[in-house]
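Proteins get letters first, then strands, A, B, ... in listed order; numbering begins at 1 in each.
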Amino acid sequence: MKFADVILPLALPKNYTYAVPDHMLDTLKVGSRVAVPLGRQKKYAGVVKAIHELAPPDYKTKPLLDLLDKDPVVYPTQLSFWEWLASYYMCSEGEVLNAALPAHLKLSSETVLLFNDAYGDDFTDLSDDEYMIAEALHIRKELRIEEVQLILDKSEVYSVIKKLIEKQVLLVYEELKEVYKEKKENYVQLHARYEAEEELANLFNTLGKAPKQMELLLAYLHLVKTQGSVLQSELLKKSGASAAQLKGLVDKEIVWIEKRVVDRVPGGGKVDVQIDFTLSPAQDKALREIRTGFEQKPVTLLHGVTSSGKTQLYIKLIEEYIASGKQVLYLLPEIALTAQIVRRLQKHFGNKIGIYHSRFNNNERVEIWHKVKSGELRILLGARSSLLLPFLELGLIILDEEHDPSYKQQDPAPRYHARDAAIYYAGLFKAKVLLGSATPSLESYFNASQGKYGLVELSERFGGLEMPEIEIVDVKKAQAEKQMQENFSPQLIQAIHSTIAQGKQVILFQNRRGYAPFMMCTTCGWIPTCKNCDVSLTYHRYQDQLTCHYCGTRYPYVHTCAACGSQSLVTKSFGTEKIETDLQELFPKARIARMDMDAVRNKDSHNKMIQLLENQEIDILVGTQMVVKGLDFENVSLVGILSADNLLGFPDFRVNERAFQLMEQVSGRAGRKHGKGKVLIQAYRTQHPILHYVTIHDYKAMYAAEIAERQNFGYPPFFRLLKLTLKHKDQKVVEQAALVLANWLRPHIGPHLVGPAAPLVGRVRNYYLQEMMIKLPRDTKVIAQTKHLLKETFIKLLAEKQFRSVFIVPDVDYV
DNA sequence: AGCACGCCGACT
DNA sequence: GTCGGCGTGCTC
């Protein structure tokens, strides 16, 4: 008797064991999807994690229902990776599976209602609702729950269905649905017998009486000659004929239609467009250092200043690894995955490279999945989630912009850090990892300086380009002298003027979207807040409404103070929309665009805006974080940071590191080619040390100062951080739960526990929050013990009935 | 995550 | 009296 442990796509604490039916004994493989029953009637598709002969002692197993794959969807390597992710990041393997498998590989059961023919057609003793469903079923024979909801125009339909089952009008069964569909296209083919010249000539004669069909045939012959194959849709468009007329040709057996399975994700360009380039001596040296680094250590950090030509190094390395028969994964933060970088790589690697990011639809994801698994795709360029693809023979992972916080998944579980997970995943393949950044995370630079990672420095900009000149502008002073025009200092205005006059472009950075981060009543100080969250509402002038940036609720503009009734509400502070509006007044002739989450909400607008900037159809670009990443424009010579204080002001031990990274990265956008660029940073606190480090582009000085602080206060990289968030609709309950949890934990990990306390925003989407932080020493054993302790304590807490509905969210290596 | 079971308020 | 609301607990 054999048993299979199955990972189900649910947040179950453990995997379930099913009996392997005899007919599957030979065909069932680890990594395959299987259909399993769960509960009374549900079916799920899970993935087989292990096959063994250990009968579970305390329950009776149910049998697997179906084997869904001829070939497993993942290799054992991925199963090991999932297990590690689940245990390290404190979630279930089901949650990992959920994140890894494209939606279309995760079938779930659908309830299908069937008409019971034995019932006959006498519906007299049915209620109105029952009658409507019975009638519909009588005609259609089969209905889904969704359709029942539509017919009855309400969502709660179970009671009606239950009644109908009792009255034996209908039968229910569960159907597992495969959602992925191959894409097929219709190709038109000429019958073989007309290949011969004289047959074709005869055909022309006989078709004389059917001019439309003749036209079709001529268009077909033209397309065959020019393109080789003829798509039905294209033929119809070109000939202007109708589908019926084409059918005429099919009926006469002159042509036939072939349904071909086609790829949704085209391989991009041809392979032979490789453009050769030569590395600078500095790049060449760095490349050699990376290679020798990899001989001794699996991970190397490439610290290369902005514009030092890291991408070219990557391309050379990728070439080497694919030449040796390995696959390469190139990771970038989502918003850095622009058409610009994609084009650049496709130029070199043609259809050997695949792309994977969140804007792909589910069918496209399934195709990439299979191509990565089969090894057909040798290179994959993707965002965080592409780390979860089933690579066959991974040789190298490049993780560019390694300092980027978006590599850490926030919600939902698994809350993994792509950098750390990449290092583990690579280890399973004995593959190498190259981390790249102009401003490495303190963690990585620490690991490199400790000798844990190789370290390669590339401190020279490509082509002898100089680092931009940075000037700090004292806003307080300008304000005192009444020199500020809205949020622009005279220096910034002057710089923008002269930059535009020279036909160059400007990027302005402001880390807040919307028009004003909050509004306030000048009479009594009242501030409009969200009804679901404890935050002030941001005014969006473009839509003329107030928006909550935490839950997305929108409110109409407020004219009257809700507290004192006065009309004296004003907008406070400023976001990208206000900058854009004010700019347009200050520079009426300039072409201004705004790039933030609101402006690039729809699918392609981000790329379009980049295109405009590239074609120099925009003079000034205003944006949030978004302008920092993956933009590479030769003609931008001025960068302005509107308010450095915004970056330095919030209470987080990483502020300084983040602020430095952000400012240094934004600065890197300036003067990427002709001549030296200029960066203007407006600030109140002009003496802040971070501003000084940015001015002299001194990463190492920033690192030295910060690392000392981290050691003093016991923060990463000296300790690992585990954040616990408790959520509940009732503030009292969540506060108590947090206290109880902390009290239970304190005897074990007392000195390492900070909190509990409500976070800065204490309520989001009507859930009250409590947080606590656990500082874990860098000792694998202690970390594992603590996680075990936490899990046990969570179970204990949730066993208390008053805390049963408290959500506990552990976030390991909280960023 | 579903989904059934079970215990309290507003209707026939 | 019942319908139906959602809180709670189980699924191999």
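For Leu8(A) and dG2(B), the CG to C1' distance is 12 Å, given to the nearest whole Å. Atoms CD (Gln802(A)) and P (dG7(C)) sit 16 Å apart, rounded to a whole Å. One interatomic measurement links the two molecules: NZ of Lys60(A) to P of dT11(C), which rounds to 12 Å at whole-angstrom precision. Separating the CG atom of Leu12(A) from the P atom of dA1(B) is a distance of 10 Å, rounded to the nearest angstrom. Rounded to whole Å, the distance from CG on Leu54(A) to P on dC12(C) is 19 Å. Rounded to whole angstrom, the span from the CD1 atom of Ile795(A) across to the P atom of dG9(C) amounts to 14 Å. Counting to the nearest Å, the P atom of dC12(C) and the NZ atom of Lys14(A) are 11 Å from each other. Here the P atom of nucleotide dA1(B) and the CG atom of Asn15(A) are 16 Å apart, to the nearest Å.
Distances shorter than 4.0 Å separate none of the side-chain N or O atoms of Tyr44(A) from OP1 or OP2 on dT11(C). Phosphate contact (OP1/OP2 of dG7(C), side-chain N/O of Arg804(A), threshold under 4.0 Å): absent.
In this model, a donor atom of one side chain and an acceptor atom of the other lie less than 3.5 Å apart for Thr553(A) and Asn532(A).
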Would Phe123(A) and His138(A) satisfy ring pair (Phe, Tyr, Trp, His ring centres under 6.0 Å), going step by step from the backbone distance to the final call?
CA-CA 10 Å; Phe123(A) 299 147; His138(A) 190 53; 5.8 Å; yes
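At a cut-off of 3.5 angstrom, the base of dC12(C) holds at least one donor-acceptor pair with the side chain of Tyr59(A).
For Asp420(A), there are no salt bridge (charged side-chain N to carboxylate O under 4.0 Å, His left out) partners, not counting sequence neighbours.
The pair Arg720(A)-Glu443(A) does not meet the salt-bridge criterion, since no charged nitrogen lies less than 4.0 angstrom from a carboxylate oxygen.
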